[in-house]
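The structure appears right after this line, and notes come after that.
Every chain is numbered from 1 and lettered A, B, ... according to where its sequence line falls, protein lines coming before strand lines.
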Protein chains: 2
Amino acid sequence: MDTDLAFLADCRTRLAFDLVSHTWNPVVIWALKDGPGRPGELRARIGGISQKVLTQTLRRLESNGLVTRRAYGGSPPRVEYELTSLGRTLLPPIQAFGAWAHDHGDEVTRAQDRYTREA
Amino acid sequence: MDTDLAFLADCRTRLAFDLVSHTWNPVVIWALKDGPGRPGELRARIGGISQKVLTQTLRRLESNGLVTRRAYGGSPPRVEYELTSLGRTLLPPIQAFGAWAHDHGDEVTRAQDRYTREA
DNA sequence: CCGGATCCCAGACGATACTG
DNA sequence: CAGTATCGTCTGGGATCCGG
């Protein structure tokens, strides 16, 4: 019963999955793993994310206590985002998925192809 | 650079996150972890999932090669879903998130409260 | 350079009713 | 009991323009 079903019925668990279930959350977290970053810089590291969505994502992460936003006034404006210690604790689980993807990604792709062909 | 950025730029990695980023995917996978299950039964185990969404989710998992669907004809109809071996390899990563939620879920909740109060 | 405001689309999810 | 169809809602995400 420990890691059994209460496991998923548990609200906190759902909460954790919500964190990952936003497409860009894990991507942005990972992009910050090596240290603070500025929005423009992050956009460059991550490919294919619009500026608006990046901001949204960072704000969301901030509201969850995973990221801090520091603004230095002035012109041009300068902003830096950084993982909190809480945010850093999420790196290993994210990494676990990355490793899984590395090991089994092809199988999923093949399964999809097979499924499509049979349909 | 290994687990660095190519990590997330990689399409296969995105693919893995897509698997989890559907709200119900991990929940259903976890509900199947102890063996095959019938839809009605699964709905009972999982709380708050509609029948339609459960079917959708199972089909999606099937199309990704994570679950098999076996139909025994007759009346009343009998169907069983079961994790594939590929699907089972996803259990540890999912469990990693569950563990994280168990350990840090409260902190996220508190962070959210703090954020809301400040806003 | 940052990021807010707006318009727009796709799809995830729910409720219900209906077929086999 | 399993599954489909339909209708409706809501939100994530993309594109773009504008202001600080």
Side-chain angles (χ1 to χ4, degrees), chain A residues 8-9 11 14-15 17-29 31-32 36-64 66-82 112 115-116 118-119, chain B residues 8-9 11 14-15 17-29 31-32 36-64 66-82 112 115 119:
Chain A
L8 280 173
C11 287
R14 294 284 173 90
L15 201 153
F17 283 114
D18 283 346
L19 294 180
V20 197
S21 70
H22 288 276
T23 313
W24 293 107
N25 276 15
V27 183
V28 172
I29 291 175
L32 282 169
R38 304 180 54 188
E41 185 188 345
L42 293 173
R43 278 191 70 191
R45 288 195 220 168
I46 309 167
I49 187 172
S50 73
Q51 190 251 19
K52 171 193 150 190
V53 172
L54 176 61
T55 302
Q56 275 184 352
T57 306
L58 287 165
R59 287 267 196 272
R60 190 167 43 213
L61 293 174
E62 192 194 0
S63 77
N64 289 326
L66 301 175
V67 153
T68 52
R69 176 182 191 274
R70 216 166 358 173
Y72 309 84
S75 210
R78 180 186 168 81
V79 182
E80 270 193 0
Y81 291 92
E82 184 174 11
Q112 287 174 343
Y115 191 86
T116 308
E118 285 170 5
Chain B
L8 280 173
C11 287
R14 294 285 173 89
L15 200 154
F17 283 115
D18 283 346
L19 294 180
V20 198
S21 69
H22 287 276
T23 315
W24 293 108
N25 275 14
V27 183
V28 171
I29 291 176
L32 281 170
R38 306 178 53 187
E41 184 188 347
L42 292 174
R43 277 191 70 189
R45 287 196 222 167
I46 309 165
I49 187 174
S50 72
Q51 190 252 18
K52 171 191 149 189
V53 173
L54 177 60
T55 303
Q56 275 183 351
T57 305
L58 287 165
R59 287 265 195 274
R60 191 168 43 215
L61 293 174
E62 192 193 1
S63 77
N64 289 328
L66 301 175
V67 152
T68 52
R69 176 181 189 276
R70 216 168 357 174
Y72 309 84
S75 209
R78 180 185 169 83
V79 183
E80 269 193 1
Y81 292 92
E82 184 173 12
Q112 288 175 342
Y115 191 86

Handout entry: Nucleotide C:dA12, atom C1' - distance to CD1 of B:Ile49 in whole Å
Key = 12 Å
Problem - Step-by-step side-chain contact (heavy atoms from CB on, under 4.5 Å) determination, A:Glu41 to A:Tyr81 - result: CA-CA 11 Å; A:Glu41 185 188 345; A:Tyr81 291 92; over 6 Å; no
Problem - Nucleotide nearest B:Lys52 when distance is taken to its side chain, options D:dG13, D:dC7, D:dG3 - result: D:dC7
Problem - Heavy-atom side-chain proximity of A:Arg69 to A:Leu58 below 4.5 angstrom - result: no
Practice task
With side-chain contact (heavy atoms from CB on, under 4.5 Å) as the test, would you mind laying out the steps for B:Gln112 and A:Asn64 before giving the verdict?
Solution key: CA-CA 5 Å; B:Gln112 288 175 342; A:Asn64 289 326; 2.8 Å; yes
Problem - Protein-nucleotide distance (A:Gln56, atom CD; D:dG14, atom C1'), rounded to Å - result: 10 Å
Problem - Stepwise side-chain contact (heavy atoms from CB on, under 4.5 Å) check, B:Val67 with B:Val28 - result: CA-CA 10 Å; B:Val67 152; B:Val28 171; 5.9 Å; no
Practice task
Measure the distance from CD on B:Gln51 to P on C:dG20 and round it to the nearest whole Å.
Solution key: 16 Å
Completion exercise
Ranking C:dC1, C:dC13, D:dG3 by distance to the side chain of B:Arg60, first place goes to C:dC13
Exercise for the section: Would you mind reading off the distance between A:Leu58 atom CG and C:dC1 atom P, rounded to a whole angstrom? Expected result: 17 Å
Handout entry: Sugar-phosphate, base or nothing in reach of B:Gly48, heavy atoms under 4.0 Å
Key = sugar-phosphate
Exercise for the section: Determine: side-chain N/O of B:Tyr81 to OP1/OP2 of D:dG3, distance under 4.0 Å, yes or no. Expected result: yes
Practice task
Taking all non-hydrogen atoms of both residues into account, name the closest pair between A:Gly47 and A:Trp24 and its distance.
Solution key: O-CH2, 4.1 Å
Problem - Side-chain N or O of B:Arg69 closer than 4.0 Å to phosphate OP1/OP2 of D:dA2 - result: no
Fill in the blank from the handout: Among the nucleotides D:dC1, C:dA12, D:dG3, whichever has the atom closest to the side chain of B:His22 is C:dA12
Completion exercise
To the nearest angstrom, the CZ-P distance between B:Arg70 and D:dG3 comes to 14 Å
Exercise for the section: Indicate, with a heavy-atom threshold strictly under 4.0 Å, whether A:Pro39 touches base, sugar-phosphate, or nothing. Expected result: sugar-phosphate
Problem - side-chain N/O A:Arg38 vs C:dC2 OP1/OP2, d < 4.0 Å - result: yes
Problem - Closest to side chain of B:Thr55, choosing from D:dT4, C:dG4, D:dG13 - result: D:dT4
Problem - Spacing of A:Arg78 atom CZ relative to C:dC2 atom P, expressed in whole Å - result: 9 Å
Exercise for the section: Nearest whole angstrom, please: distance from the C1' of C:dC1 to the CD of A:Glu41. Expected result: 13 Å
Exercise for the section: Verify side-chain contact (heavy atoms from CB on, under 4.5 Å) between A:Ile49 and A:Thr23, making sure each step is shown before the conclusion. Expected result: CA-CA 11 Å; A:Ile49 187 172; A:Thr23 313; over 6 Å; no
Fill in the blank from the handout: Comparing nearest nucleotides in DNA chain D, the 5'-proximal residue of the pair B:Val79, A:Val53 is B:Val79
Exercise for the section: Among D:dG14, C:dC2, D:dG3, find the nucleotide with the atom closest to the side chain of B:Arg59. Expected result: D:dG3
Problem - Spacing of A:Phe17 atom CZ relative to C:dC13 atom C1', expressed in whole Å - result: 19 Å
Handout entry: Sugar-phosphate, base or nothing in reach of B:Tyr72, heavy atoms under 4.0 Å
Key = nothing
Practice task
Please state whether the phosphate of C:dG11, meaning OP1 or OP2, lies under 4.0 angstrom from any side-chain nitrogen or oxygen of B:Trp24.
Solution key: no
